[in-house]
Amino acid sequence: MSLVGYEKHGTVAVLTVNNPPVNAMSPGVPKGICEGVAQANADDTVSAIVLIGGGRGFIAGADIRYFSLPWPDGEESFADIIAAFEASPKPVIAAIHGHALGGGLETAMACHYRVIVPTANVGQPEVKLGFPPGAGGTQRLPRLAGLSDALDMIVSGNPVKAPKAAAMGIVDQVIDGDLLEGALAFATEKGAQGGDHRRTRDIELTLDDPGIFEAKRKEIARRARGMRAPFACIECVEAAVELEFDAGVKREREIFKECVKSEESVAMRHVFFAERAANKIPGISKDVKPRTIAKAGVLGAGTMGGGIAMNFVNAGIPVTIIEQSQEALDRGMGIIAKNYAATVAKGRMSQEQMDACLGAITPTTSMDDLADADMIIEAVFETMAVKKEVFTKLDAVAKPDAILTSNTSYLDINEIAEAIPGRNGHVLGTHFFSPANVMRLVEVVRTDNVSDENLVTTMDIGRRMRKLPIVTGVCHGFIGNRMLEGYFGEASIMVEQGAKPLQIDTVMFGYGMAMGPLAVMDLAGLDIGWSKRKDAGGGTAADSVGAFVSNRLCEMGRYGQKTKRGYYIYEDGSRRPVPDAEVDQLAADAAAHFGFEHRAFKDQEILERCLYPLVNIGADILAEGHALRASDIDLVYLNGYGFPGWRGGPMHWAGTVGLDKVYEAVCRYHETLGFDHWKPSPLLKKLAEEGKTFDDYDKNNAG
Ligand code: 3HC
Ligand code: NAI
């Protein structure tokens, strides 16, 4: 079947792109469009041409796979389509539904006119793939939308909905009824008008505010630190102002090509496909469909439970939230109301919407009220005894087929499931991240006996909550927290060996992490680890390496930001970490206690000792089957732990360093330091010896 259909409707030629699922510009599509334009122009009975997408949208842009594959020789490209449109004496009209993204919008903007349905959206998301638009988007969008709006769209990559696109001048008409019918009427009228039709390139571009580009650079400086693409976008739009049209297009193309080759873009494309792969669970057929979850329950209205209840509401599912006492319930509901009120204050939600959301949450202290819930998430205290008690109670009240999940951070969910053997296939984990209503990641913990249908349903609910659900197996800390122990562990140990907290945090911030590890520990609260260590027995007198300084700080009441002192000092009203000589002294004491040489550190050692344990432990998790693919591990780190997206995640990034180098360093640190997280992973060793990467591993093991 041809990728582009050609049909005549009266005097209008309709070219329909049929390249499911999203009408990407794969080889054959540009050729089909160019041939269609030529055919229409050769036919005297045709007065206008409509370009429309078959299926769920217009055109989703270039076929992203081809940025890593050779484009077939002689095959037409965007440039040919655009040249054909602009040379066409008959008007070309883009008829947009679903999405016109990237090259899709660029194609539409090269048409003489654009019509759109109200639900569609248009955008230039290329920056999210690590490059600027490359088919004239940075030259045409400013001419249609004006410099300021175009710059915002191109640099953020965020799409706009049809009504806004119309108000901005990107599209000419919003069609309320049937798109094709509306487009045909529009095209017939334009075709009958005759004469020249406006080309976007001919619109004059004015620069009202000469400081606009510098201001944009400043605005994104922190968010885009370490990245090239957002700044490349600005350069391209600047070229639209400084150069005449064709020279601007040429300049854009040069910058685009340079960026496509960059490690940043390779990483971001890796993330794009990783997110799509994460939805697929090998061995579970597409025929297994999610069940309907009409009502939900949440146990515990503490830090996590409240946010999880909000997530259900976001997914349109009414939820009952349970606490032990009315007081705890009121406190929890108060925090939920405060969170919604903050969203209202920011103008992102109306008061009516807030009231409706609160109305969808039923607070109660009676477990019996969970009798009609299809899915119940437990977020009570993190001890096995309490979890088992709660699940046993749920066993008594919940519907026989209700899905029961635990938000535990570390506990063995198989053991929890075994406590209620009759419901074994219905118990699994949903590990949300704090704040649960904000953070995108949820680890869906697959227990030994959970049914495929319940797993698929839980993944689906995660997506309906607008989260990124990642399947993980049952192991201590699952994917993220298990790896984190190596990262935090090394940061704490390096402090005891003489590295200053500020140096460690500066190195990791410079690498691109949202915050350095010690600042994160201060934020999370040092007392959490301290009390865990105390619970594990032996008090803290038996200081383990890496826990010495933290234990002393906690004994001094320095729990981190909440007490204004931790690894750093925080002045009143400030979150800025200020180094403290007292901590340096504790570090020196630790070195003496453990017999470490107290020494200065090179930045490179800090980087390796923070990041290589992530890779080494990640490799074990992968080999054990506790992660389905290395790219899932990357997504966990990108979405739960502030890892920079443009590095592609720790496993992808390790491939850019070279697994042989990483493996060599892991062996070296294992020999000199000896800690468990340095024990070389056999999978890392194997891939290093084969000269492969974790991306290669995923390709060879794709299920
Ligand atoms: N190229 C290749 N494959 C694509 C694609 C693209 N542009 N867009 C989506 N796909 C694939 C996905 O990988 C997925 O494949 P799979 O089923 O094998 O996993 C399938 O299409 C469906 O995609 P989604 O699951 O994302 O479908 P949704 O309906 O949720 O979303 C969408 C649709 C909003 C179009 C979303 O897919 C999307 O954002 N796509 C990317 C758009 C984009 O970035 N375009 C710019 C490309 S770069 C460009 O155009 C360069 C130009 O300036 C020269
Ligand atoms: P929290 O202490 O803030 O809240 C727990 C709530 O559960 C308390 O309000 C308590 O009154 C309530 N509760 C205890 N037993 C109950 C019962 N039988 N019935 C109803 N309510 C009961 O704890 P938090 O931080 O919300 O943690 C909850 C779970 O989420 C834990 O398993 C924790 O490990 C996990 N988690 C916590 C994260 C965090 O950052 N706080 C992140 C991810 C997971």
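In this chain, residues are counted from 1 in sequence order. Atoms within each ligand, like the ligands themselves, are counted from 1 in listed order.
Every atom of ligand 2 is numbered from 1 in the order shown, and the set under 4.0 Å from a heavy atom of His431 is 43 (C), 44 (C). Annotation for ligand 1: atoms under 4.0 Å from non-hydrogen atoms of Leu129 are 44 (O), 47 (C), 48 (S). Taking every non-hydrogen atom of Glu126 and a distance limit under 4.0 Å, the qualifying atoms of ligand 1 come out as 48 (S), 49 (C), 50 (O), 51 (C), 52 (C), 53 (O). Those atoms of ligand 1 with a heavy atom of Arg56 less than 4.0 angstrom away are 22 (C), 27 (O), 28 (P), 29 (O). Taking every non-hydrogen atom of Ala24 and a distance limit under 4.0 Å, the qualifying atoms of ligand 1 come out as 1 (N), 6 (C). The atoms of ligand 1 that sit less than 4.0 Å from any heavy atom of Glu106 are 52 (C), 53 (O), 54 (C). Interface atoms of ligand 2 facing Phe432, defined by a heavy-atom separation under 4.0 Å, are 42 (C), 43 (C), 44 (C). Ligand 1 places these atoms under 4.0 Å from at least one heavy atom of Gly102: 46 (C), 50 (O). With ligand atoms numbered from 1 in the order given, ligand 1 contributes 13 (O) to contacts under 4.0 Å with heavy atoms of Phe273. Atoms of ligand 2 found under 4.0 Å from any heavy atom of Thr408, numbered from 1 in the order shown, are 32 (O). Those atoms of ligand 1 with a heavy atom of Pro133 less than 4.0 angstrom away are 53 (O). Each of the atoms 20 (C), 21 (N) of ligand 2 lies under 4.0 Å from some heavy atom of Ile322.
For atom 2 (O) of ligand 2, the closest non-hydrogen atom on the protein side is Phe381 CE2, 3.4 Å. At the top of the distance list for atom 27 (O) of ligand 2, counting protein heavy atoms only, stands Met304 CG, 3.9 Å. Shortest contact from atom 44 (C) of ligand 2 to any protein heavy atom: Ser409 OG, 3.1 Å. Of all protein heavy atoms, the one lying nearest to atom 30 (O) of ligand 2 is Asn407 ND2, 2.9 Å.
Residues in residues 122-142 take part in these salt bridge (charged side-chain N to carboxylate O under 4.0 Å, His left out) pairs, two or more places apart or across chains: Glu86-Arg140.
Distances from atom 23 (O) of ligand 2 to the protein include no heavy-atom value under 4.0 Å. For atom 30 (O) of ligand 1, the nearest protein heavy atom lies 4.0 Å away or farther. Proximity of atom 13 (O) of ligand 1 to the protein is indicated by at least one non-hydrogen atom lying closer than 4.0 angstrom.
Closest to atom 18 (N) of ligand 2 by heavy atom, among Ile308, Ile528, Ile321, Val390, is Val390. Compare Ala328, Ala379, Gly305 by their heavy atoms: the one nearest to atom 5 (C) of ligand 2 is in Ala379. With Ala277, Gly157, Ala60, Ala278 as candidates, the residue nearest to atom 43 (C) of ligand 1 on a non-hydrogen basis is Ala60. When the heavy atoms of Asp63, Val260, Leu101 are ranked by distance to atom 3 (N) of ligand 1, first place goes to Asp63. Counting only non-hydrogen atoms, the option in Pro21, Gly98, Gly61 that gets closest to atom 20 (C) of ligand 1 is Pro21. The heavy atom nearest to atom 19 (N) of ligand 2, considering only Glu327, Glu389, Met367, Gln324, is found in Gln324. Scanning Pro435, Gly525, Ser434 for the heavy atom closest to atom 40 (O) of ligand 2 points to Ser434. Looking at Glu323, Glu443, Lys387 and measuring to atom 12 (C) of ligand 2, the nearest heavy atom belongs to Glu323.
Between the side chains of Asn19 and Ser26, a donor-acceptor pair is found at a separation under 3.5 Å. A side-chain donor from one of Asp330 and Gln326 sits under 3.5 Å from a side-chain acceptor of the other. Arg228 and Ser262 form no side-chain donor-acceptor contact under 3.5 Å, judged by distance and modelled atom types alone.
Checking only distances, Arg331 never comes within under 3.5 Å of ligand 2, N or O to N or O. Where the criterion is an N or O separation shorter than 3.5 Å, residue side chain and backbone included, Thr303 meets it with respect to ligand 2. For the pair Glu382 and ligand 2, the shortest N or O to N or O distance falls below 3.5 Å.
Here the options are Asn279, Asn639, Val636, Val442, the test is side chain to side chain contact (heavy atoms under 4.5 Å, CB included), and the partner is Leu468; only Asn639 passes. Among Arg533, Lys534, Lys562, the one residue that satisfies the salt bridge (Lys or Arg N to Asp or Glu O under 4.0 Å) test with Asp527 is Lys562.
Assignment of Phe272 to the shell around ligand 1 is supported, since a heavy atom sits closer than 4.0 Å. Taking a 4.0 Å cut-off on heavy atoms, Gln124 fails to register as neighbouring ligand 1.
Scored by the side chain to side chain contact (heavy atoms under 4.5 Å, CB included) test, Val427 finds Phe391, Leu404, Ile413, Ala417, Ile420 as partners (sequence neighbours excluded).
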